[in-house]
Protein chains: 4
Amino acid sequence: MANVKVQVEPVAKASGDAADELRSVYEDLHRNPELSFAEHRTAGIVAERLRSLGYAVQTGIGRTGVVGVLARGSGPTVLVRADMDALPVREQTGLAYASTATGIDPAGNEVPVMHACGHDMHVTALLGAAEVLAGEAAEWAGTLVLVFQPAEENGGGAQVMVDDGLFDRVPTPDIVLGQHVMPLPAGTLGAVAGPAFAATDELDIRMFGRGGHGSQPESTIDPVVMAAATVMRLQAVVSREIAGAETGVLTVGQIHAGTKNNIIPDEARLGVNIRSYTDSVRERLVGAVTRIVNAEAQASGAAREPEISRGDAFPVLVNDAQATARTLDAFRACLGDGAVIEVPRLMGSEDVGNLAAAAGAPLVYWLLGGADPALFADAALGPSLPAGVPSNHSPFFAPLPEPTLRTGIAALVTAALTWLDDPNETTSKGER
Amino acid sequence: MANVKVQVEPVAKASGDAADELRSVYEDLHRNPELSFAEHRTAGIVAERLRSLGYAVQTGIGRTGVVGVLARGSGPTVLVRADMDALPVREQTGLAYASTATGIDPAGNEVPVMHACGHDMHVTALLGAAEVLAGEAAEWAGTLVLVFQPAEENGGGAQVMVDDGLFDRVPTPDIVLGQHVMPLPAGTLGAVAGPAFAATDELDIRMFGRGGHGSQPESTIDPVVMAAATVMRLQAVVSREIAGAETGVLTVGQIHAGTKNNIIPDEARLGVNIRSYTDSVRERLVGAVTRIVNAEAQASGAAREPEISRGDAFPVLVNDAQATARTLDAFRACLGDGAVIEVPRLMGSEDVGNLAAAAGAPLVYWLLGGADPALFADAALGPSLPAGVPSNHSPFFAPLPEPTLRTGIAALVTAALTWLDDPNETTSKGER
Amino acid sequence: MANVKVQVEPVAKASGDAADELRSVYEDLHRNPELSFAEHRTAGIVAERLRSLGYAVQTGIGRTGVVGVLARGSGPTVLVRADMDALPVREQTGLAYASTATGIDPAGNEVPVMHACGHDMHVTALLGAAEVLAGEAAEWAGTLVLVFQPAEENGGGAQVMVDDGLFDRVPTPDIVLGQHVMPLPAGTLGAVAGPAFAATDELDIRMFGRGGHGSQPESTIDPVVMAAATVMRLQAVVSREIAGAETGVLTVGQIHAGTKNNIIPDEARLGVNIRSYTDSVRERLVGAVTRIVNAEAQASGAAREPEISRGDAFPVLVNDAQATARTLDAFRACLGDGAVIEVPRLMGSEDVGNLAAAAGAPLVYWLLGGADPALFADAALGPSLPAGVPSNHSPFFAPLPEPTLRTGIAALVTAALTWLDDPNETTSKGER
Amino acid sequence: MANVKVQVEPVAKASGDAADELRSVYEDLHRNPELSFAEHRTAGIVAERLRSLGYAVQTGIGRTGVVGVLARGSGPTVLVRADMDALPVREQTGLAYASTATGIDPAGNEVPVMHACGHDMHVTALLGAAEVLAGEAAEWAGTLVLVFQPAEENGGGAQVMVDDGLFDRVPTPDIVLGQHVMPLPAGTLGAVAGPAFAATDELDIRMFGRGGHGSQPESTIDPVVMAAATVMRLQAVVSREIAGAETGVLTVGQIHAGTKNNIIPDEARLGVNIRSYTDSVRERLVGAVTRIVNAEAQASGAAREPEISRGDAFPVLVNDAQATARTLDAFRACLGDGAVIEVPRLMGSEDVGNLAAAAGAPLVYWLLGGADPALFADAALGPSLPAGVPSNHSPFFAPLPEPTLRTGIAALVTAALTWLDDPNETTSKGER
């Protein structure tokens with residue numbers, strides 16, 4: 001057990017109070033989601049609130065990113081990160097505070113927008129932690145850097161902030177912390193030491209046929225059939241080319257072709273997302289997509305080769321083993337032994353590792369349960385979700401605000417205090 | 001041989017003059033295409049021109065339809081029809097007068113628009129015929145009804161005009177005439193007696209999966225795979241369920257699912273277009289789509305049944321056998337024997353038959369060649385196009401204005417005169 | 001109406017008598033079917049019977065072929081042909097005389113065998129006609145050549161007989177006649193003038209993967225998936241590359257891969273059969289198979305190119321237009337007007353045309369109805385069969401012996417007499 | 001480190017001598033493979049050799065199984081097992097002693113047979129160990145039970161031996177030992193403690209169409225398309241329904257339909273093999289096959305439901321953790337530290353666990369490298385094989401006899417001695 005010096009009860013109480021107070025902020029953020037790099041309203045709310053708490057605030061880092069810094073004497077620099085962006089999903093939760101918002105996607109189309117990945121919870125919990133850590137319940141020495149990052153979903157906002165001079169503008173951290181709300185029982189949390197989130201690669205594919213009248217397929221090369229055959233063939237990549245004991249996921253998240261039932265269009269577009277934990281699997285998956293897309297174009301007799309462009313790519317997220325163990329110990333001490341659960345490594349991806357890599361600092365990134373615990377009654381925690389628990393990115397994704405927000409705030413505060421110095425001690429934690 | 005009384009030489013000359021004069025109108029219409037029921041600008045140009053020629057003009061019949069009536073004493077009533085609407089296709093002809101226009105499709109999206117089916121040629125040729133028939137080159141008795149119809153491509157504009165009281169507003173015709181520009185050698189034309197254009201049916205299909213994160217397919221039901229499997233299965237309908245000697249076409253002209261590569265969407269949409277010449281084939285095709293769509297949803301374990309809604313449906317277009325023979329005789333007499341070619345019956349569809357059906361009148365609807373004759377040098381006319389000849393609905397579809405426009409005007413004038421009375425005779429043609 | 005000199009009533013009576021007598025021969029042949037070039041027992045029965053009727057018999061022409069010649073003075077030479085071979089189908093008719101026979105297929109496997117295409121009916125009817133024409137009911141002058149051909153189904157027996165010197169051994173005919181039993185109402189018959197049976201091509205395909213353990217697909221290239229993807233893709237050839245108004249059929253009649261569920265095999269085999277009526281369609285179908293098979297091997301990353309070998313190929317069967325009209329007139333005169341029905345041209349193929357081509361003689365090949373007429377009560381004759389009527393090659397194919405056999409004998413006799421000379425006339429038919 | 005009392009040098013020398021001597025036996029067995037339950041010749045060779053070494057031999061246990069028992073005073077009973085059967089694979093190794101043998105598969109067809117899974121190596125190595133353990137190099141007390149099992153590949157021979165009274169006929173063991181040759185570097189070996197081989201399930205599927213003539217698909221229901229669509233759909237089970245972090249494999253190892261290219265057959269057969277490590281995955285995989293097979297039959301409009309029958313099923317093979325650790329320690333001591341490598345758990349399956357389960361004894365089952373070590377030079381050991389290393393069940397599978405046989409014998413002897421008593425000690429190992 002680590003030598004945890006967190007003031008357990010005051011932190012718990014202050015976290016609960018902050019959660020109550022911020023409930024309306026959470027609902028407001030949920031109702032007003034913004035797409036990647038369009039988090040203007042969210043950034044404004046964050047900046048105003050941080051300023052009112054006494055943080056030195058900088059905005060516009062990495063286009064819409066916001067950073068608040070609070071220094072209390074000498075000691076370690078601890079960076080805590082929340083991501084702010086939402087997704088082009090039409091919300092179907094039926095919540096009173098459900099989103100009806102729209103946004104403009106990268107292709108210029110107006111699309112429905114929803115916080116279907118819980119970044120609103122991340123923002124609210126970090127605002128709550130900002131409040132607790134700025135208040136009297138928390139005693140610490142060092143420098144606190146709160147990063148509200150744009151564009152985790154689309155565009156690699158972490159790297160964009162780094163490239164925009166983040167660590168020229170704020171102190172370089174000794175550790176990077178953060179959390180992600182997940183369909184685990186609300187009130188629990190957990191982290192995998194080592195590789196914890198998969199690498200992700202995106203491929204945007206255009207396949208070219210030859211358009212014509214829907215009644216005269218013989219004078220066309222039908223890109224709808226070409227694309228459908230490709231989708232079916234791509235299913236055999238994971239089923240046939242990746243060993244059962246390896247982990248890889250290949251999703252065709254988008255397929256689009258045609259404007260009218262009686263016109264055979266000129267081309268089809270596929271959007272592919274790939275997850276892997278090793279370079280070998282990654283290369284095989286990407287290579288198989290390229291091979292299949294080209295061959296299916298040939299099977300159709302296409303005159304023009306498909307175009308395959310690489311989109312966002314995140315590396316595997318690796319939690320520092322020692323730092324993770326110490327942080328989980330602190331969680332057990334402060335939130336109770338039962339709050340910390342075993343969690344599997346995920347096929348999801350995260351770019352928070354780019355902040356840690358740029359800083360040369362260890363990373364501890366944990367999962368925060370947000371789902372109704374009653375739904376887990378009969379189910380062991382495993383790679384598959386129990387019935388009725390919506391996954392992230394689902395139009396039904398809806399973390400329970402209570403106790404998720406309270407637990408999320410307490411976890412952030414506990415983790416930060418674990419890595420900041422105790423002003424009542426003479427030895428800096430950073431020196432251990 | 002019919003007893004053709006068309007004044008061949010004056011008509012030929014007047015048609016050529018009209019074609020020269022209207023060349024700029026054709027290019028203007030081509031540059032400014034409008035989608036179905038949005039033909040406001042086109043209708044305005046048509047109405048103004050008809051009025052200036054002395055026709056009694058009514059607008060707004062069937063939303064954007066225009067009708068011009070010219071009466072010259074007693075005699076038969078002859079209806080000549082052109083359709084006005086364009087298609088959601090991004091023009092790639094490279095013509096100086098190519099379209100860069102956009103429009104709003106039925107789903108509310110802004111889409112590129114192109115005259116990819118030659119309705120601009122139909123409008124211009126009928127304006128030219130209006131001019132010739134209103135002038136001194138043509139001698140006739142009877143009533144001429146020129147119909148400029150909206151929404152042939154989408155929405156069934158012919159029936160909409162009928163339902164809007166077309167034949168309460170203008171005299172009911174004794175015959176209905178019209179033409180369609182096609183990838184046949186420019187300068188030629190032809191018609192099939194009897195069934196000549198296929199019946200068409202449209203099915204709009206929604207298939208329901210269950211959305212989620214692209215990295216967690218196991219907690220979703222992937223509608224992209226469901227839709228792709230359906231498209232592949234639908235190919236086996238024509239290949240396996242329709243006899244080689246029967247004619248049927250089943251095109252999936254649209255497939256759409258997803259907004260982002262790393263989100264598995266909730267549903268996929270397919271747009272199907274079906275062509276047939278008999279009720280038996282039509283029923284088998286529609287039935288097979290329904291059977292396959294439902295079964296593929298079950299194969300995916302979908303919780304919700306697909307929705308299949310019927311869209312536009314046109315019946316088989318049937319040319320009156322005797323009237324067609326007489327009209328083709330007139331074409332041979334006036335345009336030269338070589339101008340009239342054998343043409344196959346088409347898999348395309350047309351709603352002009354709805355005007356004839358509502359009037360209880362025979363129909364003669366011919367095909368007008370618009371393609372470069374040089375490309376046909378080595379190729380027999382057949383169901384397949386020679387290399388380099390773009391089909392209707394292709395983004396490369398581009399009839400040669402000369403001689404297509406001239407031939408089109410002459411054909412319309414000739415056909416109209418064939419069915420109007422000769423004022424120098426004592427017997428009405430209608431009485432023969 | 002042709003000047004038919006057939007002695008209608010005696011022929012009808014003699015045909016009925018022969019049918020009654022030969023009923024047991026038919027059932028015996030049906031019970032003892034033999035595969036292509038293995039028609040030893042059948043040939044023996046045929047030869048013995050022909051000899052007993054007074055024909056000069058030669059056997060072993062084209063391996064198992066039998067020819068009987070009967071000359072009655074000078075006059076035209078008329079060749080009438082029946083094919084003898086059966087199919088590797090497990091009979092499921094439930095008939096008392098159903099086959100339980102087996103044979104050895106070209107790959108050396110023992111397979112069930114069935115007369116699923118009615119060649120037993122062809123043989124029996126021609127034996128019946130041989131009897132009638134050798135008897136007193138028929139008066140004629142000329143030379144009758146009855147050909148019992150092997151291997152129509154597999155191996156091109158007609159050409160093999162020609163190549164084996166058929167027309168060096170027997171007189172070259174002035175006309176070639178024959179019939180095929182079909183699922184048309186029993187008691188009827190008909191023929192298409194001009195192209196009547198489709199061309200056929202066979203492609204035998206080997207696709208090469210890399211075998212391995214069923215639990216380790218990642219170390220293999222799975223030929224089962226490769227072949228299945230190819231089959232699905234091949235469905236899009238007819239659905240997308242052949243115009244609705246063209247006729248083409250592409251069937252994958254065989255797919256074979258693997259010996260054990262837990263071994264991924266090294267290769268898969270596909271057997272493809274193609275039907276067409278024009279060279280253009282034929283070339284497009286064959287070309288598309290080649291293109292798709294190669295591309296699907298590449299989509300799988302196959303190290304070795306597929307092997308595609310051409311098997312049997314028959315050209316389009318073309319009935320001589322004038323000769324067909326004259327023969328149908330004779331059928332109407334002798335069998336009744338109602339017996340001759342309109343029939344569509346077929347997607348099936350026949351090699352009897354090779355006999356006519358080698359002889360430089362016109363061909364008349366008609367369809368003989370064998371199905372229960374009651375099943376056609378509500379159905380128009382068309383390209384699709386009424387419910388409950390099994391097609392040729394079905395394991396349920398079972399022509400009604402009565403009246404099919406009687407009609408078949410009468411038709412053969414009538415047709416032969418139509419083209420032989422009438423000994424009571426002074427002018428030879430051949431001179432007309 | 002265990003207290004290993006194996007006489008390292010004498011055992012190594014005796015194992016090498018035995019390997020040299022048995023090289024010809026190995027080649028003979030390889031040249032004469034026998035299918036499951038047909039291992040008559042192999043069993044005869046085994047029985048004769050065991051008898052000549054002084055073992056009490058029983059044959060015909062579980063049809064073709066052979067057991068040799070050698071008792072040396074009181075002490076533990078140690079069962080060592082080798083499996084004897086080969087596979088229906090056509091050998092392509094090009095070895096001088098390659099098989100050209102054939103056998104009769106369960107369907108009654110003659111098929112090529114090959115030792116493509118190395119059971120010939122298992123048999124030879126156990127004969128070598130029998131010799132060493134019966135000789136003077138090995139000192140031990142207890143009872144040695146050598147089981148030569150039939151039908152590991154097909155038919156569940158281990159359970160058949162148990163059901164045939166194996167443990168009524170020979171002493172019930174205190175431990176069960178065995179090995180499997182694998183594409184790991186020859187000279188190495190390894191074992192996973194805990195779950196080590198996957199569960200396997202086999203499904204034999206018949207899908208029913210309606211046969212007919214290849215030119216008339218419209219009158220049939222094509223089972224080739226039905227089966228191909230099913231195969232493609234089944235690829236989406238692993239790719240979409242099993243989480244990236246779970247392990248599951250679904251192989252269609254057999255697909256068979258049709259006898260002739262121009263006949264559409266009545267049915268198609270699929271042979272499916274499934275691998276899993278948990279009940280949840282197992283149930284999802286089997287359930288998905290059932291769901292998809294039924295739905296694809298409906299998509300084809302099949303009149304008859306598919307038949308799905310369950311074949312062989314083995315549970316997960318679980319190595320006893322403590323016993324495995326102790327055995328691996330002995331391997332390190334006797335064969336060298338470098339000989340024992342980390343190996344992954346496998347997707348392959350094994351029924352040796354049924355012997356341990358029936359005896360209530362712990363199991364230690366290790367992997368024996370048989371591939372050319374040079375091929376592993378640049379490749380980390382992982383779930384995927386380096387290029388050029390054929391997997392088990394491949395027609396190219398060919399373990400290097402040297403040093404594989406020597407290492408295999410030494411490993412079996414070492415493991416057996418580890419669990420037998422040392423006659424020079426007073427404490428039985430069994431009592432520790």
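Each chain gets a letter, A, B and so on, in the order the sequences are listed, and its residues count up from 1.
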Could you check whether atom CZ of Arg90(D) has more than 12 heavy atoms from other residues, nucleotides or ligands sitting under 6.0 Å from it?
no

Given heavy-atom pairs under 4.5 angstrom as the criterion, report whether the side chain, backbone, both or neither of Val272(C) touches chain D.
backbone

Gly311(D), Pro223(D), Gly271(D), Gly348(D): which one forms the most heavy-atom pairs within less than 4.5 Å of chain C?
Gly271(D)

Is Pro217(D) in contact with chain C via its backbone, its side chain, both, or neither, using a 4.5 Å heavy-atom distance?
side chain

Turns out that what part of Asn154(D) lies under 4.5 Å from chain C's heavy atoms comes down to both

What residue, out of Val224(C), Val111(C), Leu346(C), has the most heavy-atom pairs lying under 4.5 Å from chain D?
Val224(C)

Ser219(D) OG to Asn392(C) CG distance, which is reported to the nearest 0.5 Å:
9.0 Å

Heavy atoms of His393(C) and Gly214(D) approach each other most closely as ND1-N, 4.5 Å

I'd like to know whether His213(D) forms a side chain to side chain contact (heavy atoms under 4.5 Å, CB included) with Arg275(C), so could you lay out the CA-CA distance, the side-chain angles of the two residues, the decisive distance to 0.1 Å, and finally the verdict.
CA-CA 12 Å; His213(D) 198 285; Arg275(C) 307 287 166 151; 3.3 Å; yes

Closest approach of Gly211(D) to Ser394(C) (non-hydrogen atoms, all atoms of both residues):
O-CB, 3.8 Å

Structural part of Leu203(D) lying under 4.5 Å from a heavy atom of chain C
backbone

Need one label for Glu153(C): side chain, backbone, both or neither, based on atoms under 4.5 Å from any heavy atom in chain D.
both

Provide the closest heavy-atom pair for Ala229(D) versus Met232(C) in the form atom of the first, atom of the second, distance.
N-SD, 3.5 Å

Among residues 255-268 of chain D, residues within the sub-4.5 Å heavy-atom range of chain C, in order of number, are Ile255(D), His256(D), Ala257(D), Gly258(D), Thr259(D), Lys260(D), Asn261(D), Asn262(D), Ile263(D), Ile264(D), Pro265(D), Asp266(D)

Is Phe396(D) close to chain C through its backbone or its side chain, or both, or neither, when contacts mean heavy atoms under 4.5 Å?
side chain

Residues in side-chain contact (heavy atoms from CB on, under 4.5 Å) with Ile221(D), at least two apart?
Arg210(D), Met226(D), Ser300(D)

